[in-house]
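All values below come from the heavy atoms of this structure, side chains included, with hydrogens, waters and symmetry mates left out. None of these values were measured; they are calculated from a predicted model. When a ligand or atom number is given, it counts from 1 through the structure's own listing order.
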Amino acid sequence: MREEVLNQSPPYVDIDLYGSDRPLQDAVAANGGEGGAAALSTFGKRWGTAEMFELARTANENPPQLKAFDARGFRRDVVEFHPAYHQFMAESIGAGLAASTWREDATPASAPAQVARAARFYMAAQIETGHLCPVTMTHAAVAALAGDRELAARFMPKIMSRRYDPHFRPWWEKVGITLGMGMTEKQGGTDVRTNTTRAEPAAEGYAITGHKWFMSAPMCDAFLVLAQAPGGLTCFLMPRFRPDGSVNGLSFQRLKDKLGNRSNASAEVEFADAFAWRVGEEGRGVRTIINMVQLTRLDCAIASAGIMRMALAQAIHHARYRTVFQKHLVDQPMMRTVLADLALELEGATALVMRLARAYDLGANDPGEAACARLLTPAVKYWICKRAPGVIAEVMECLGGNGYVEESVLPCLYREAPVNAIWEGSGNVMCLDVLRALTHEGEAARAVLGALAAEAADLPGTRAALEVLERGFSAQNAEAEARTAVERLALLAAVAALRQSAGPEVASLFARTRLGHRHGAMYGTSEIFDGDARRLIDRALPAA
Ligand SMILES: Cc1cc2nc3c(=O)[nH]c(=O)nc-3n(C[C@H](O)[C@H](O)[C@H](O)COP(=O)(O)OP(=O)(O)OC[C@H]3O[C@@H](n4cnc5c(N)ncnc54)[C@H](O)[C@@H]3O)c2cc1C
């Protein structure tokens with residue numbers, strides 16, 4: 001006789017990732033995206049199918065492989081990905097995640113393009129994040145390419161294509177292309193001015209020689225690369241094939257053996273007289289590529305919020321079915337407080353990333369919103385990406401032993417959690433960037449702070465937070481205090497965003513427990529009363 005399996009939660013699959021997420025719906029609506037709700041729900045249902053969960057497992061259990069040489073010793077320099085990875089690429093590109101916020105002339109599409117894409121990106125990240133690396137880089141690269149009208153005009157039609165084309169062919173022969181980037185070298189990722197890769201003017205462009213220590217998604221069709229030109233550090237677009245159709249001078253040395261992000265490849269690469277076009281002026285490389293980096297930072301925050309959301313949903317789902325000491329876990333007062341505290345964390349994260357996406361939507365025509373995007377992007381990336389590992393670790397525990405086992409999605413989410421904090425500007429670098437924004441955009445940045453203070457004025461803890469900000473940002477040794485101040489800034493922005501989306505009650509609760517210090521070091525120590533706890537949990541995931 002077969003053993004009867006008792007007291008286990010059913011699989012968390014075949015769900016509408018949008019329709020089951022009230023905080024997301026509220027944040028999308030508050031930021032101008034309500035009109036797209038039906039389409040977002042269609043996307044959410046598709047990505048929440050059991051099939052997509054299974055594809056994600058397969059893509060991560062079968063990491064890409066470098067095929068550096070063929071049988072006769074000729075260089076191949078291709079990376080083979082599992083079909084499941086290709087399917088995710090096709091789905092994401094088909095849904096516009098790589099280009100839907102742009103027009104074909106590389107100018108921004110009108111609002112709410114960013115919010116609509118951010119909501120989809122948030123849902124896609126819940127299922128599979130590795131493939132989102134080239135998707136986000138392709139999307140963000142347009143912001144750098146836009147600086148060169150001629151290059152943009154040639155590449156945009158292929159970037160805008162909603163068709164994924166995995167063939168290793170010259171970009172002009174493909175129906176759609178993806179773009180990556182290579183900045184980090186062995187001696188420095190943050191301090192890219194130490195780049196030693198050299199660029200010499202050559203026929204039709206430049207010849208680039210050197211190396212990159214991290215270059216992810218190496219099967220992209222072209223890469224934005226930094227190299228030292230005669231006029232200083234410069235941004236280039238380096239295609240996999242030269243204009244004459246021959247394979248360009250990129251040799252992949254190794255793929256990184258990474259903690260997570262396993263469906264995606266990150267290569268170490270050498271360039272030998274690799275052909276590239278210059279993007280922007282010589283000596284203005286950082287200035288050119290920073291436009292791209294801002295957008296990838298936004299995506300890091302959205303993706304981290306997404307993986308935290310999947311973890312939270314798994315925890316609530318499990319706690320509704322699992323019985324311990326004659327009660328469902330969700331009805332055990334201490335577990336309920338833990339879940340509610342995690343749900344409150346996600347309320348803030350979701351509201352914050354959608355509000356930030358709105359700032360990008362409006363920034364092209366509204367200098368105040370552009371300043372908001374400039375100041376808050378590093379603060380939000382810092383805060384949200386660094387919260388992810390803690391949230392996911394707590395959720396693992398909610399699932400008990402099952403949460404630690406590979407078949408549950410938690411180990412994959414946990415391995416993924418730290419990467420967004422590290423790449424595209426690690427934590428300290430984000431805090432330094434907030435200080436830079438305050439210095440360089442003084443008045444506009446101060447106006448953003450003033451607006452946040454006004455929006456959250458009557459909520460608990462706001463005044464104290466503003467004092468910390470004021471003291472921290474004007475301190476003699478501002479760098480040493482920057483983490484404290486940036487944390488307060490992100491929380492203040494979350495409170496303001498929550499007030500617009502989830503409403504004053506949730507905003508007040510968030511402010512009281514986060515800004516007002518009514519919590520300890522662990523989740524489950526926030527002062528959340530029982531009625532509020534139940535409401536937060538039901539908002540996060542309605543009972544089936
Ligand atoms: C999975 C993965 C994929 C990646 N893909 C790419 C890619 O496609 N392209 C690419 O170009 N790079 C990529 N990177 C590299 C990544 O962007 C860098 O690792 C990152 O920018 C940090 O650079 P670094 O490793 O050289 O560390 P460092 O620059 O040496 O920094 C180390 C630490 O010092 C801190 N720090 C730096 N300066 C200061 C300061 N002034 N004060 C205080 N603290 C400071 C940083 O915050 C960090 O914590 C990838 C990395 C990973 C993990």
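- Rounding to the nearest 0.5 Å gives a distance of 6.0 Å between CG of Leu151 and CG of Leu237.
- The residue among Val269, Leu432, Thr184 with a heavy atom at the shortest distance from atom 42 (N) of ligand 1 is Leu432.
- The Thr190 neighbourhood of ligand 1 comprises atoms 23 (O), 28 (P), 29 (O), 31 (O), 37 (C), 38 (N), with distances under 4.0 Å to a heavy atom of that residue.
- In terms of protein heavy-atom proximity, atom 52 (C) of ligand 1 is nearest to Phe214 CE2, 3.5 Å.
- Side-chain atoms of Asn60 and Glu128 form a donor-acceptor pair, as typed in the model, at a separation below 3.5 Å.
- Protein heavy atom nearest atom 43 (C) of ligand 1, with residue, atom name and distance: Asn428 ND2, 3.5 Å.
- Taking every heavy atom of Gly182 and a limit of under 4.0 angstrom, the matching atoms of ligand 1 come to 11 (O).
- Between Arg57 and Glu54, at least one side-chain nitrogen of the basic residue sits less than 4.0 Å from a carboxylate oxygen of the acidic one, meeting the salt-bridge criterion.
- The ligand atoms of ligand 1 that sit less than 4.0 angstrom from a heavy atom of Lys258 are 1 (C).
- Applying the ring-ring contact (aromatic ring centres under 6.0 Å, His included) test to residues at least two apart or on different chains, the pairs with a partner in residues 212-236 are Tyr206-Phe236.
- Residues Ala379 and Val434 approach most closely at N-CG2, 3.8 Å, considering heavy atoms.
- Neither side chain, Asn261 nor Arg415, offers a donor N or O lying under 3.5 Å from an acceptor on the other.
- Note: no N/O pair closer than 3.5 Å links Gly188 and ligand 1 by distance alone.
- Per-residue contacts place Glu424 under 4.0 angstrom from the following atoms of ligand 1 (heavy atoms of the residue considered): 17 (O).
- In this structure, Asn261 has no heavy atom closer than 4.0 Å to ligand 1.
- The nearest heavy-atom contact from the protein to atom 11 (O) of ligand 1 is Met183 N, 2.7 Å.
- Tyr164 and Ser92 are not linked by any side-chain donor-acceptor pair at a separation below 3.5 angstrom, with hydrogens and angles left out of the test.
- Shown here, atom 3 (C) of ligand 1 is in close reach of the protein: a heavy atom of it lies under 4.0 Å off.
- Look at Ser266 and you'll find a heavy atom under 4.0 Å from some atom of ligand 1.
- The shortest contact between atom 1 (C) of ligand 1 and any protein heavy atom is with Val419 CG2, 3.5 Å.
- Nearest to atom 36 (N) of ligand 1 among the protein's heavy atoms is Val429 CG2, 4.2 Å.
- Between Trp171 and Phe155, the ring centre distance stays below 6.0 Å.
- A salt bridge is defined here as a Lys NZ or Arg NE, NH1 or NH2 lying under 4.0 Å from an Asp or Glu carboxylate O, and Arg297 with Glu424 fails to meet this definition.
- Within the 4.0 Å cut-off (strictly below), a protein heavy atom is located near atom 20 (C) of ligand 1.
- Of the heavy atoms in Glu479, none comes closer than 4.0 Å to ligand 1.
- Ligand 1 has no nitrogen or oxygen under 3.5 angstrom from a nitrogen or oxygen of Glu185.
- Those atoms of ligand 1 with a heavy atom of Ile422 less than 4.0 angstrom away are 20 (C).
- For the 3.5 Å distance criterion, the side chains of Thr101 and His139 qualify, holding a donor opposite an acceptor.
- In this structure, the protein non-hydrogen atom closest to atom 26 (O) of ligand 1 is Gly189 N, 2.7 Å.
- For atom 46 (C) of ligand 1, the nearest non-hydrogen atom of the protein is Ser426 CB, 3.7 Å.
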Discussion item. Pair Arg358, Asp361 - check salt bridge (Lys or Arg N to Asp or Glu O under 4.0 Å), show working.
Written reply: CA-CA 5 Å; Arg358 173 76 165 165; Asp361 259 335; 5.1 Å; no
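- For atom 5 (N) of ligand 1, the nearest protein heavy atom (residue, atom name, distance) is Ser216 OG, 2.8 Å.
- When distances from atom 9 (N) of ligand 1 to the protein are checked, a heavy atom turns up under 4.0 Å.
- The nearest pair of heavy atoms linking Tyr404 to Met396 is CD1-SD, 4.3 Å.
- With hydrogens and angles left out, the side-chain atoms of Thr197 and Asn195 include no donor and acceptor closer than 3.5 Å.
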